[in-house]
Amino acid sequence: MEKFVIHGGKPLHGTVQISGAKNAAVALVAATILCDEPCVLENVPEISDITKCMKILREMGAEGIEKPEVPYELARTMRASCYFLGTLLGRFHEAFVPMPGGCDLGDRPIDQHLKAFKALGASDEIVNGANHVTADELVGNQIYFDFV
């Protein structure tokens, strides 16, 4: 891991380019599905999850998504694939997203995501190892999560 060690009481000079926050960026890439026009995201970090999100969008037909379905092979490589559930549900009233993977921290369930969708009027089921979420209409509601 790289680090800078500063010795001496001298002032620092120069500039540092700070990239955007990873967790916000992967959510924003998935959120572009909700737009009918081209989206430009700036200051996006160059990390594998962003590359995978972009690949998911391309394989789904980014400029003209016809099926609200995330490819199995790609969803299984990243935890953030669950962000596509909400954006596809919002746009198409249906989402078909395989269970997320790619997390070295152990199991990271998405039950709180599904709980929120149910509170908004959606229903969900597991079909062939994938989450299938549907809603004729999403209605705002108070959502109480089981933990922070």
Is L88 reachable from M54 through a run of I, L, V, M, F, W or Y residues, each pair having side-chain heavy atoms under 4.5 Å apart? yes
Return yes when atom CD of E46 has more than 12 non-hydrogen atoms of other residues, nucleotides or ligands closer than 6.0 Å, and no otherwise. no
Check for a donor-acceptor pair, side chain of S81 on one end and backbone N or O of A75 on the other, with a separation under 3.5 Å. yes
If you draw a 6.0 Å radius around CZ in F92, do more than 12 non-hydrogen atoms from other residues or ligands fall strictly inside? yes
Just by distance, do the side chain of N141 and the backbone of L120 share a donor-acceptor pair under 3.5 Å? no
Is there a donor-acceptor pair closer than 3.5 Å between any side-chain N or O of T87 and the backbone N or O of A30? yes
Evaluate whether atom NZ of K67 has more than 12 neighbouring non-hydrogen atoms of other residues, nucleotides or ligands under 6.0 angstrom away. no
Verify same cluster id: F96, Y72 (apolar side-chain graph, 4.5 Å): no
Indicate if L89 and L34 have the same hydrophobic cluster label, given that clusters are the connected sets of ILVMFWY residues with side-chain heavy-atom separations under 4.5 angstrom. no
Short side-chain donor-acceptor distance under 3.5 Å, H132 and E94: yes
Consider only side-chain heavy atoms of I, L, V, M, F, W and Y, link residues closer than 4.5 Å, and tell whether F84 and M99 are in one cluster. no
What closest approach, in Å, do D136 and H93 show between heavy atoms, and which atom pair accounts for it? O-ND1, 3.5 Å
M78 and C53 have their tightest heavy-atom pair at CE-SG, 3.3 Å
Using atom types as modelled and distance alone, determine if a side-chain donor or acceptor of K55 lies under 3.5 Å from a backbone N or O of L74. no
Note: I50 and P45 closest approach over all heavy atoms is CG1-O, 3.5 Å
Run the side chain to side chain contact (heavy atoms under 4.5 Å, CB included) test on E125 and N131 for me, step by step, so that the C-alpha distance in whole Å, both residues' side-chain angles and the decisive distance to 0.1 Å come before the verdict. CA-CA 6 Å; E125 63 180 333; N131 292 290; over 6 Å; no
Less than 4.0 angstrom from a charged side-chain N to a carboxylate O is my criterion; do D111 and K118 meet it? no
CA sep, side-chain torsions, deciding dist, call: L85, I110, side chain to side chain contact (heavy atoms under 4.5 Å, CB included): CA-CA 10 Å; L85 277 169; I110 63 166; 3.9 Å; yes
M60 vs I56, test: side chain to side chain contact (heavy atoms under 4.5 Å, CB included). Steps then yes/no. CA-CA 6 Å; M60 291 176 62; I56 286 172; 3.7 Å; yes
Quick check for you: to the nearest 0.5 Å, what is the distance between N43 atom CG and Q17 atom CD? 6.0 Å
Salt-bridge contact D146-K115 (side-chain N to carboxylate O under 4.0 Å): yes
For the pair R91 (side chain) and C35 (backbone), establish whether a donor and an acceptor sit closer than 3.5 Å, ignoring hydrogens and angles. yes
